[in-house]
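All remarks here apply to the structure that follows.
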Amino acid sequence: MGITKLADLIRLDAHDAISHKDISDYTGKVIALDTSIVVNQFRAATPALSPLTGLFFRTLTFLEHGIKPVFVFDGKPPGEKAAVLEKRAETAGWRFSNRTGIASSQTKDCLQLLRLLGVPFIQAPGDAEAMCAWLVRAGTVDAVASEDMDSLPFGANILIRQLNAKKDSEVIEYSLPKLLQKLQISHEEFVDLCILLGCDYCDKIAGLGPRRALTLIQKHRTIENVVLNVNRKTHPVPLFWKYKEARKLFLDAPQIETPELVWTEPDEEALVKFLCHVKYVKEERVRSRMEKFRKTREEREKEKAAGCTKQTKMEDFFRVTRKRGQPVEAADSLSSNTKRPKSK
DNA sequence: TGCGTCC
DNA sequence: TCTTCTGCCGCAAGACGCA
DNA sequence: TGCGGCCGAAGAG
């Protein structure tokens, strides 16, 4: 669900924090993705089909563009969010199964697919969004790609939306430092603002929308002070309001030692065996996509040989590792890329 | 480019 | 009176390949 | 399921 109306607020009040990019602008970048969001996207688009094929196609598109994806899996959700998830699952009519953090069969399939594609993945101790944001802060990855805005209060400096395989689709990049500068608030104040807007971890104050919430935080700086300065009759504070727990979740996300990230060559034969013989995807579909992948890769190498500097040589790309706390480039360099508005 | 199909 | 919030409604969500 | 647009209701100045 993310943060209610945060995208609107940024669009209207901190437009400078947004830049419009093309997927090719992320060549050579390490991008963390919340796997559950990606999988749910495919499930929502084609409920009758396995989301595995979608994951397969999209991951290859990333690799073709020289993007190094890292998939992050949800661990045991924090108690506050578990309640929300359970409620959501109940209304949707399915059983909420990630209470323990034990991988479902679908998760195991995704893990297997990523292994065969040679793409690294990380098991988060809790919320995958929190882990993704922490990876950016630690310099392990350059940005988070997600449709949820949660990564920003979690502290991800760069958030990318609409990073998909569609041709001519516009990628939107949000810069947290620019956002804070434009709104003239600190990260802690921004977290309080997100709680007032409405997040997954606690209730919100009724009657306070994005306009008023922003003005109040800019004026009074903390939720405690905002509460003292709003009309309690028209804007009642929720009973047993767990805003302090929510604040703690955003600011003190659980951290783990990041494993060394390694990208290797996709194993076509094993992919065919898994996707076609176990998951019953048509072999022709998998083979032709792999063929296209190889051709794109060859073209890139040719371009590189011809002196096209932007392209990443694939031999360089594979078997490349990213060590902990050793960013390839500062995350901020992503947002310093030239804006490339799409012409329609 | 639009539309049908993927499983 | 103007601004802001809320609730309701409708639509579209992925990616590929063929015509 | 989530969003954007539209509308009526309610609050702020």
Side-chain angles (χ1 to χ4, degrees), chain A residues 1-13 23 33-65 69 84-94 96 105-106 109-110 113 117 145-150 161-172 193 196-200 203-219 226 229-236 272 274-293 295-296 344:
Chain A
M1 207 163 103
I3 310 294
T4 314
K5 303 270 177 185
L6 179 58
D8 285 348
L9 186 140
I10 297 173
R11 198 168 50 230
L12 295 168
D13 294 279
I23 190 166
L33 297 108
D34 179 339
T35 317
S36 67
I37 289 177
V38 178
V39 168
N40 279 332
Q41 250 183 315
F42 290 119
R43 208 159 38 187
T46 52
L49 309 177
S50 163
L52 274 184
T53 43
L55 188 63
F56 167 72
F57 286 121
R58 190 181 281 190
T59 305
L60 284 179
T61 304
F62 289 158
L63 295 172
E64 276 172 349
H65 281 93
V84 177
L85 291 172
E86 204 152 357
K87 209 173 175 181
R88 216 180 283 168
E90 212 177 276
T91 48
W94 25 274
F96 172 58
S105 66
Q106 192 177 70
D109 288 343
C110 292
L113 178 66
L117 284 165
S146 174
E147 296 315 303
D148 247 342
M149 300 295 282
D150 284 32
R161 291 179 101 187
Q162 289 169 227
L163 187 71
N164 51 38
K166 240 185 242 166
K167 282 190 177 75
D168 298 327
S169 81
E170 195 178 58
V171 181
I172 303 166
L193 172 62
L196 288 177
L197 292 174
C199 66
D200 281 348
D203 294 328
K204 70 187 285 293
I205 300 176
L208 284 190
R211 299 278 77 237
R212 285 172 199 151
L214 175 62
T215 312
L216 288 164
I217 282 292
Q218 283 172 329
K219 197 172 175 186
V226 167
N229 287 279
V230 289
N231 185 339
R232 299 282 282 271
K233 279 182 184 167
T234 54
H235 303 299
V272 167
F274 175 61
L275 286 173
C276 310
H277 303 160
V278 181
K279 296 291 156 191
Y280 306 109
V281 181
K282 270 191 190 140
E283 183 167 341
E284 196 192 317
R285 247 165 97 79
V286 176
R287 293 275 185 203
S288 67
R289 187 63 184 83
M290 287 307 294
E291 175 67 22
K292 190 193 154 208
F293 174 70
K295 276 187 182 162
T296 314
K344 284 194 177 170

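Letters go in sequence order (proteins before strands), and every chain restarts at 1. All values derive from a computational prediction rather than experimental measurement.
No hydrogens or angles considered: a donor-acceptor pair under 3.5 Å links the side chains of T61(A) and R289(A).
A distance of about 12 Å separates the P atoms of dC3(B) and dA12(C), rounded to the whole Å. Annotation: dC5(C) and dG13(D) have their P atoms spaced 12 Å apart (nearest Å). Between dG2(D) and dC16(C), the distance separating the two P atoms is 25 Å to the nearest Å. Atom name P, nucleotides dG14(C) and dG4(D): the rounded distance is 13 Å, in whole Å. The separation of dG4(B) from dA13(C), taken at their P atoms, amounts to 16 Å, rounded to a whole angstrom.
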Checklist entry - Just the dot-bracket of DNA chain B, please: which string comes out with Watson-Crick or G-U pairs under 3.5 Å, [ ] for crossing, | for another strand? => result ||||||.
Item to check | Contact state string [nucleotides 6-19 of chain C, B base, S sugar-phosphate only, - no protein heavy atom under 4.0 Å] | outcome: S-------BSSS--
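Note: CG (L12(A)) to P (dG4(D)) measures 11 Å, nearest angstrom. Atom P of nucleotide dC5(C) and atom CG of L6(A) are separated by 14 Å, given to the nearest angstrom. I10(A) places its CD1 atom 17 Å from the C1' atom of dG4(D), with the value rounded to the nearest Å. At whole-Å resolution of the value, CG in L196(A) and P in dT4(C) are 16 Å apart. What separates CZ of R211(A) from C1' of dC2(C) is a distance of 14 Å, to the nearest Å. In this structure, D148(A) places its CG atom 14 Å from P of dT1(D), rounding to the nearest Å. Going from atom CD of Q162(A) over to atom P of dG2(D) covers 16 Å, rounded to whole Å. Residue E283(A) contributes atom CD, which lies 16 Å from atom P of dC6(B) at whole-angstrom precision.
With Q162(A) contributing its side chain and I172(A) its backbone, the two residues share no donor-acceptor pair below 3.5 Å.
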Restricting both atoms to N or O, compile the protein contacts to nucleotides 8-13 of chain D shorter than 3.5 Å, with distance only.
residue: dA12(D); atom: OP1; partner: H235(A); partner atom: NE2; Å: 3.4

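For K292(A), there are no salt bridge (Lys or Arg N to Asp or Glu O under 4.0 Å) partners, not counting sequence neighbours. Judged as a salt bridge (Lys or Arg N to Asp or Glu O under 4.0 Å), and not counting sequence neighbours, R58(A) has no contacts. Judged as a salt bridge (Lys or Arg N to Asp or Glu O under 4.0 Å), and not counting sequence neighbours, D203(A) has no contacts.
Here the NZ atom belonging to K5(A) is positioned 15.0 Å from the CG atom belonging to L214(A), to the nearest 0.5 angstrom.
Residue contacts for R287(A): at a heavy-atom cut-off of 4.0 Å it reaches no nucleic acid atom on any strand shown.
Contact annotation: R161(A) side-chain N/O to dG2(D) OP1/OP2 distance is not under 4.0 Å.
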